[in-house]
Amino acid sequence: MPDEPEPGSEQAEMRRRVERALLGGERRYTQHEVAASADVPQEQSRRLWNALGFATTADDDVVFTDGDVEALRLGEGLTELGVINREAQSSVARALGHHLSRLAEWQVSLFWSWFNERPELFSDENAIAETIEAIVPVLETLQTHVWRRHLAAYAGRALAAPDEGRWAGSEVVGFVDMVGYTRLSRRVDDSELSEVLDRFEGLASDVIAERQGRIVKMIGDEVLFVVDEPTDGAEIALRLNEYGRRDSALPELRTGLAYGRVLDRFGDVYGSVVNLAARLTSVARPGSVLVDSGLAEALSGEATYELRTRRTISVRGYSRLKLITLERASGTRP
């Protein structure tokens with residue numbers, strides 16, 4: 001572990017400035033004091049802190065700011081209003097912490113890459129602090145804007161179908177992955193692997209967004225997405241394969257699609273339809289799209305697609321899984 005800077009040194013002052021810019025204030029409170037200031041039981045405060053993904057603090061550690069007090073107070077206010085169920089507090093905190101920690105990790109990586117391209121900044125600790133103080137408010141404003149846009153989009157969907165609750169209506173669930181990714185990762189360096197992942201994520205993001213789908217998560221070489229309309233799900237899968245084949249830098253892709261009701265919980269999706277899509281992807285051939293019988297039925301009247309029933313196989317959880325390939329009908333174009 002690197003040595004801590006001497007108190008009063010320029011490096012120590014730089015760290016304090018950066019921390020103030022990121023935390024929005026000085027560390028002033030212990031765990032007990034932050035809970036008391038927010039009028040929240042200490043055990044509840046500690047539980048939520050851990051659920052957000054932060055390490056447990058010792059009783060006498062002064063690590064909390066006025067912002068932490070205000071956040072804890074506001075969260076408790078939402079619970080008292082009934083917006084957040086008290087039993088679900090920790091689950092909400094875990095979901096929030098999980099998604100935002102990944103965003104923070106990426107942003108720190110972005111900062112670090114930017115600084116590495118400007119080595120002269122490392123000789124001027126004041127410049128580092130000033131740069132971070134200038135950039136963080138801009139990022140915060142952009143994040144808030146994008147969050148509000150997504151909030152508006154999802155609110156529109158919820159208002160259009162107010163009776164669905166946590167169980168969404170019938171949706172297409174799709175997994176897309178890169179064939180041979182493990183072998184690829186063993187024979188290329190980190191820079192080349194990062195380039196492949198960037199191209200894959202960029203392609204998936206663009207194609208899924210074009211058809212009004214939603215990326216649930218990206219897991220290395222695999223993307224999980226959902227979309228409302230069966231034809232949109234079909235187009236996403238087929239276009240990803242078609243565009244992927246044109247990109248010589250990408251391995252071949254394969255996709256599994258299933259159609260039905262899913263449980264949407266804190267931004268993730270669950271249920272048998274999700275499991276089925278994953279199983280279909282695992283047995284799909286490179287460059288192919290496999291669909292379940294539910295999606296095949298929903299697409300059966302579409303002249304632009306061709307559905308071919310293959311053999312049945314046995315995979316974990318399914319003793320007789322029917323394989324149905326999805327292709328474009330002869331003579332049709334995307």
Side-chain angles (χ1 to χ4, degrees), residues 164 166-182 200 203-204 207-208 211-245 251-265 268-334:
E164 287 179 356
R166 293 171 66 193
W167 281 92
S170 291
E171 288 188 306
V172 178
V173 177
F175 282 90
V176 185
D177 74 7
M178 292 188 285
V179 180
Y181 172 80
T182 301
F200 174 55
L203 172 64
V207 172
I208 292 168
R211 302 298 298 201
Q212 301 179 6
R214 172 171 72 90
I215 291 179
V216 178
K217 54 189 171 185
M218 291 184 170
I219 316 165
D221 62 327
E222 189 172 62
V223 174
L224 166 60
F225 71 89
V226 294
V227 66
D228 291 341
E229 296 298 326
T231 53
D232 287 326
E235 282 301 317
I236 288 171
L238 293 171
R239 290 186 185 195
L240 280 172
N241 281 352
E242 290 158 358
Y243 296 161
R245 279 194 290 269
E252 283 195 277
L253 306 180
R254 60 181 179 179
T255 306
L257 302 174
Y259 184 51
R261 292 175 68 81
V262 299
L263 173 63
D264 193 331
R265 186 174 184 270
D268 210 340
V269 290
Y270 304 86
S272 60
V273 173
V274 180
N275 297 334
L276 182 52
R279 298 292 179 272
L280 289 169
T281 306
S282 69
V283 298
R285 294 175 179 174
S288 71
V289 179
L290 288 180
V291 304
D292 76 325
S293 56
L295 183 57
E297 182 179 351
L299 295 173
S300 61
E302 299 289 336
T304 54
Y305 305 120
E306 188 172 291
L307 296 157
R308 297 182 181 179
T309 300
R310 305 297 190 188
R311 68 190 187 284
T312 59
I313 64 170
S314 177
V315 296
R316 183 164 58 90
Y318 298 89
S319 59
R320 292 182 58 82
L321 179 60
K322 183 187 295 184
L323 303 184
I324 305 170
T325 59
L326 170 68
E327 299 172 351
R328 292 198 185 282
S330 179
T332 61
R333 293 184 177 182

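Below, each value reflects all heavy atoms present in this structure, side chains not excepted, and no hydrogens, waters or symmetry copies. Quick caveat: nothing in here was measured; it's all calculated off a predicted structure.
- By the side-chain hydrogen bond (donor to acceptor under 3.5 Å, both in side chains) test, Glu306 pairs with Arg308, sequence neighbours left out.
- Every residue two or more places apart in sequence or in another chain that forms a side chain to side chain contact (heavy atoms under 4.5 Å, CB included) with Ala278 is listed here: Phe175.
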Audit row: Leu280, Leu323, side-chain contact (heavy atoms from CB on, under 4.5 Å) steps and yes/no: CA-CA 8 Å; Leu280 289 169; Leu323 303 184; 4.0 Å; yes
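- Applying the side chain to side chain contact (heavy atoms under 4.5 Å, CB included) test to Glu229 and every residue at least two apart in sequence or in another chain returns Thr231, Asp232.
- In this structure, Thr304 OG1 and Leu299 CG are separated by 8.0 Å, a value rounded to the nearest 0.5 Å.
- Every residue two or more places apart in sequence or in another chain was checked for a salt bridge (charged side-chain N to carboxylate O under 4.0 Å, His left out) with Glu252, and none qualifies.
- The closest side-chain heavy-atom distance from Val262 to Val274 is below 4.5 Å.
- Contact between Tyr259 and Asp228 at its shortest, heavy atoms only, is CE1-O, 4.1 Å.
- Arg261 and Ser170 make their closest contact through CG-OG, 4.1 Å (heavy atoms, listed as atom of the first residue, atom of the second, distance).
- At least one side-chain heavy atom of Leu253 sits less than 4.5 Å from a side-chain heavy atom of Met178.
- Residue Glu302 holds its CD atom at 10.0 Å from CG of Leu307, rounded to the nearest 0.5 Å.
- Atom OG1 of Thr255 is separated from atom CG of Leu290 by 9.0 Å, given to the nearest 0.5 angstrom.
- Every residue two or more places apart in sequence or in another chain that forms a salt bridge (charged side-chain N to carboxylate O under 4.0 Å, His left out) with Asp177 is listed here: Arg254.
- Heavy-atom minimum distance, Gly287 versus Asn241: O-ND2, 3.3 Å.
- Across all non-hydrogen atoms, the minimal contact from Ala237 to Leu257 is CB-CD1, 3.8 Å.
- Across all non-hydrogen atoms, the minimal contact from Val179 to Pro251 is O-CB, 3.2 Å.
- Screening Val269, Ile208, Val172, Asp264 for a side chain to side chain contact (heavy atoms under 4.5 Å, CB included) with Val226, the sole residue that qualifies is Val269.
- Evaluation of the side-chain hydrogen bond (donor to acceptor under 3.5 Å, both in side chains) rule for Asp268 yields Lys217 as partners, not counting sequence neighbours.
- The two residues Glu171 and Val273 make their nearest non-hydrogen contact at O-CG1, 4.5 Å.
- Evaluation of the side chain to side chain contact (heavy atoms under 4.5 Å, CB included) rule for Val207 yields Leu203, Ile236, Arg239, Leu240, Tyr243 as partners, not counting sequence neighbours.
- Summarising the geometry, atom OH belonging to Tyr305 is positioned 13.0 Å from atom CD belonging to Glu327; distances are rounded to the nearest 0.5 Å.
- Other residues, nucleotides and ligands place more than 12 heavy atoms under 6.0 Å from the CZ atom of Arg245.
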